[in-house]
Number of protein chains: 2
Amino acid sequence: MPAAVLSREEVVQRILLVFREHGYEGTSLARLSQATGLGRSSLYHYFPNGKEDMANAAMSLVGEWFVDNVLAALNSEGNPKQRLQAFTSKVSEFYHAGHLSCLTDVFSVGEAGKLFQHHLAKRIGGLVASIGTVLETSGLAKAEARRRAENAVVSIQGALVVSRAMQDNAVFLRVLREMPVTLLQA
Amino acid sequence: MPAAVLSREEVVQRILLVFREHGYEGTSLARLSQATGLGRSSLYHYFPNGKEDMANAAMSLVGEWFVDNVLAALNSEGNPKQRLQAFTSKVSEFYHAGHLSCLTDVFSVGEAGKLFQHHLAKRIGGLVASIGTVLETSGLAKAEARRRAENAVVSIQGALVVSRAMQDNAVFLRVLREMPVTLLQA
DNA sequence: GTCTATACGAAGATAGAC
DNA sequence: GTCTATCTTCGTATAGAC
């Protein structure tokens with residue numbers, strides 16, 4: 001794609017990193033250009049609608065990765081506890097051990113919130129449903145499974161915010177470590 | 001302050017609302033001007049360093065409100081459960097039942113993160129410490145009290161993010177409702 | 001204190017040469 | 001596909017009149 005040195009996916013990966021770090025409105029074309037090594041014109045060549053296109057590409061990429069890794073871990077072989085451990089392991093990877101923000105968080109603010117709200121709600125909802133299914137498998141009643149699944153997503157998002165604000169990922173790591181047991185306890 | 005129609009505090013209140021809704025980089029002087037009814041020149045008259053000054057004023061105001069109301073509830077008369085209930089009640093008020101974002105969240109992203117990181121970390125830390133003190137009063141060991149206090153802050157922040165992304169504050173309300181009991185249970 | 005006017009750069013976006 | 005140049009709008013900031 002860029003003179004055959006970076007694939008489209010690699011370019012979008014870098015774009016994604018910028019959005020996760022600076023949010024939608026804090027991300028400028030200048031920064032995207034620098035991060036990808038592509039000039040403005042090249043960016044518009046690949047993403048005709050500019051910033052919004054790039055944000056959509058980032059959303060899609062991160063969505064695929066999430067399905068293929070995080071959700072796949074939830075649906076993997078093994079008992080509920082093993083699946084939840086595989087899940088939290090992938091979550092930690094997904095957020096670089098708490099050092100990277102969640103796109104769903106930073107895109108839910110301001111202008112981007114309006115652009116992506118539908119996607120964001122669907123993603124949160126899908127994750128809650130997937131965790132809930134695992135918890136039902138473990139024998140929890142549907143309502144309680146859903147309640148705990150919501151709490152899990154809340155804890156992940158909250159731990160990311162707290163870790164970012166504190167500039168210390170210790171809370172994020174602890175919350176993830178304790179999560180499988182907490183979710184399954186009687 | 002603006003021809004004696006709004007006090008400085010009222011002006012900062014409105015500025016604060018804009019920042020909470022749009023984040024730091026998503027907030028423009030045009031929006032601040034509109035929200036306050038003050039022309040650009042007037043804004044610079046009261047806040048010589050422009051946007052950064054206004055953000056600092058918003059941070060200060062929200063910090064005072066937090067100390068005078070939320071932390072005051074934690075330190076109020078009564079047993080731990082009553083104090084935690086007073087606390088969650090103020091928290092709900094503080095975030096307009098989950099409809100308003102936390103400044104600590106939206107200011108921890110991008111450019112603003114660098115500007116305010118010190119303040120943000122101190123605020124989160126202070127809140128954790130205050131909740132922890134109440135939990136110690138209830139008989140919990142220091143380490144466990146701190147662990148639960150961190151979890152409380154994580155849950156609040158996470159519930160705000162999830163509610164914002166879902167455009168539905170049900171999760172926020174439930175998390176707050178369950179919080180006093182969860183924090184104190186054996 | 002507030003207004004009008006304006007400077008100035010940044011940001012998003014496009015055109016056309018190569 | 002990438003570059004240079006350009007355009008427009010927006011955002012921040014200032015000056016000076018009232």
Any non-hydrogen side-chain atom of B/T27 less than 4.5 Å from a side-chain atom of B/L32?
yes
With A/R20 as the cation and A/F94 as the aromatic partner, state whether NZ or CZ is under 6.0 Å from the six-membered ring centre and within 45° of the axis.
yes
Rounded off to whole Å, could you give me the OH-to-C1' distance for the B/Y46 and C/dC3 pair?
13 Å
Annotated protein contacts, base or backbone, on nucleotides 12-18 of chain C with a non-hydrogen cut-off under 4.0 Å, one of B, S, - each
SBBB---
I need the CZ-P distance between B/R31 and D/dG11, as an integer number of Å.
7 Å
In whole Å, I'd like the distance from the CG atom of B/L43 to the C1' atom of C/dC3.
13 Å
Looking at B/R148 and B/E144, does any basic side-chain N land under 4.0 Å from a carboxylate oxygen?
yes
Distance check needed: D/dT2 C1' versus A/H45 NE2, whole Å only.
9 Å
Do the ring planes of A/F107 and A/F116 sit parallel (below 30°), tilted (30 to 60°) or perpendicular (above 60°)?
parallel
Test item: B/D53 and B/Y46 side chains (from C-beta on) under 4.5 Å apart, heavy atoms
no
Can you list everything that forms a salt bridge (charged side-chain N to carboxylate O under 4.0 Å, His left out) with A/R174? Sequence neighbours excluded, please.
A/E178, B/E150
A/L6 CG to D/dG1 P: how many Å, rounded?
14 Å
